2 protein chains.
Amino acid sequence: MDSSLVHSPRHDRTTAAILDAAAHVLAADGAAASMADVANAAGVGRATLYRYFETRESLLEALAADAVAEAGARLADAGLDGVPVELAIERIVRAIVAVGDRYAVILREEILPDREEVERLLGAPIRAVFARGVRTEVLRSDVTLEILLELFGGLLTSTIKLVGQRRVGLEDAAAAVTDVFLQGSRAQ
Amino acid sequence: MDSSLVHSPRHDRTTAAILDAAAHVLAADGAAASMADVANAAGVGRATLYRYFETRESLLEALAADAVAEAGARLADAGLDGVPVELAIERIVRAIVAVGDRYAVILREEILPDREEVERLLGAPIRAVFARGVRTEVLRSDVTLEILLELFGGLLTSTIKLVGQRRVGLEDAAAAVTDVFLQGSRAQ
DNA sequence: CCGTACTGAGACACTAGTGTCTCGGAGGAG
DNA sequence: CTCCTCCGAGACACTAGTGTCTCAGTACGG
């Protein structure tokens, strides 16, 4: 291990506080939020913010990487392969929505982090579930898998927005979006 | 009529060209696009752009109002009240997605134009169809109407993105999203 | 053919944000 | 207690965008 990678506990705490504040501020104000806003929200000086993240871009990258890593970890812990596709989809919804406004930053703006990382940690496992769904004839095959994934993403985005606005709880939202995605909005 | 509201044909054409270019540029580059970018894309000088729209904000407002008006006109022409809810929803999808990247500007950024205008021209007719769907038991009632509308909006957003990227045609997209929204993604 | 009105180009002032640097102070480790 | 490190505050240069203005050229109608 390189000793330069080891940080003091306070350093780690400050980093976390900055990323946390950045997630909230950016989710609220979008790309309009400035570094000063982030520093303010994090309760640190602007100079300190720049000591932790050299540029605005690197802050965004770190934030995105953080969100992807956390969402990926939740997906990895969800045991998607061992359960029926319907349940797996519900767990995916829960995992993504739980990461919430951190993920919203990535979706809203174009702060795409490492494409490979996104594909490896999020794309692949989700795609696997959908592919299994189509293969086992649980999911419809008359719509492209890619389109199905894109529509699923759209539903997730609006759900994150709903949860972020506290208009609906995480559990209700996850259940509703899973149900609507699988069954549709038609009655019965 | 106030004669100050009458414009020469060329003036109207230039206005349209600017709005058109602005819609494309903003759909592509998002809020990052500058007035210089818009002027460039419209093939006019920056000074001329400012002669037509006093500020960046007024340009965005005009663009949003334009998009809302066009989408509203399509909805009004769609005869939503006279057809079954399923067909009405398909027509809504087609109307909104057809306006395409003009509408994307509104959805992506927070350039909300006149809230009242949006509600009157878009919200009300769409809400009416959904309310009728719930009342006639075509649409499920175990999910709030508001949530259903929000999820519908999420599907529309991702569909606009798909169509904008030419990954799927307008007709296919409208059919797919209507079908998925009503029937869900489950096979059969 | 002429003049009027519009246009593009560019200079300009102004604002806001970014990233750098310095300095005095505070707080924790020894 | 003392030293050492980190922090906040603020000054600073720089960049990019906005909005204003002027001026020479041009298209178009009369």
Side-chain angles (χ1 to χ4, degrees), chain A residues 2-64 105 108-111 113, chain B residues 2-65 105 108-113:
Chain A
D2 187 343
S3 66
S4 71
L5 293 177
V6 179
H7 301 297
S8 73
R10 194 171 56 213
H11 191 283
D12 290 341
R13 259 186 289 121
T14 303
T15 303
I18 289 175
L19 288 176
D20 218 60
H24 279 95
V25 169
L26 291 175
D29 295 359
S34 68
M35 292 294 267
D37 294 331
V38 173
N40 217 24
V44 302
R46 208 167 61 90
T48 301
L49 176 55
Y50 277 102
R51 283 186 194 107
Y52 279 76
F53 298 95
E54 289 189 351
T55 66
R56 176 191 169 90
E57 194 186 351
S58 64
L59 169 62
L60 272 329
E61 272 174 25
L63 185 60
V105 183
R108 188 191 301 191
E109 329 295 330
E110 335 255 302
I111 315 174
Chain B
D2 186 345
S3 66
S4 71
L5 291 178
V6 180
H7 301 295
S8 73
R10 194 172 57 212
H11 189 283
D12 290 340
R13 256 185 291 120
T14 304
T15 303
I18 289 174
L19 288 176
D20 219 60
H24 278 95
V25 169
L26 291 174
D29 295 358
S34 68
M35 292 293 269
D37 295 331
V38 173
N40 216 24
V44 302
R46 209 166 60 89
T48 300
L49 176 56
Y50 276 103
R51 285 185 193 107
Y52 279 76
F53 298 95
E54 288 189 348
T55 66
R56 176 193 168 89
E57 194 186 350
S58 64
L59 169 63
L60 271 329
E61 273 174 23
L63 184 61
V105 183
R108 186 193 302 194
E109 328 295 331
E110 334 256 300
I111 316 174
L112 291 188

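Worth saying up front: this structure is predicted, and the values here are computed from it rather than measured. The chains referred to below are lettered A, B, ... by the order of the sequence lines, with proteins before strands, and numbering in each begins at 1.
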For the pair made of [atom1] in [X] and [atom2] in [N], what is the distance, rounded to whole Å?
| X | N | atom1 | atom2 | result |
| --- | --- | --- | --- | --- |
| L59(A) | dG17(C) | CG | P | 16 Å |
| L49(B) | dT20(D) | CG | C1' | 14 Å |
| E57(A) | dG17(C) | CD | P | 19 Å |
| R56(A) | dA16(C) | CZ | C1' | 12 Å |
| I18(B) | dG8(C) | CD1 | P | 9 Å |
| H11(B) | dA27(D) | NE2 | C1' | 16 Å |
| Y50(A) | dA9(D) | OH | C1' | 15 Å |
| N40(A) | dG10(D) | CG | P | 12 Å |

Original post:
Is any N or O donor-acceptor pair between the side chain of R46(B) and the base of dG19(D) shorter than 3.5 Å?
Top reply: yes
Original post:
Can you find an N or O donor on one side and an acceptor on the other, under 3.5 Å apart, linking the side chain of R51(A) with the base of dG19(C)?
Top reply: no
Subject >> Nearest heavy-atom neighbours spanning A42(A) and A17(A) >> reply: CB-O, 4.1 Å
Subject >> S34(B), nearest nucleotide to its side chain (from dG17(D), dT18(C), dG10(D)) >> reply: dG17(D)
Original post:
Which listed nucleotide (dA9(C), dT7(C), dG8(D)) is nearest to the side chain of T14(B)?
Top reply: dT7(C)
Sub-4.5 Å side-chain heavy-atom contact between [X] and [Y]:
| X | Y | value |
| --- | --- | --- |
| F53(B) | T15(B) | yes |
| N40(B) | V25(B) | no |
| L60(A) | T55(A) | no |

**OP:** Tell me what Y52(A) touches on the nucleic acid: a base, only sugar-phosphate, or nothing, going by heavy atoms under 4.0 Å.
**Re:** sugar-phosphate
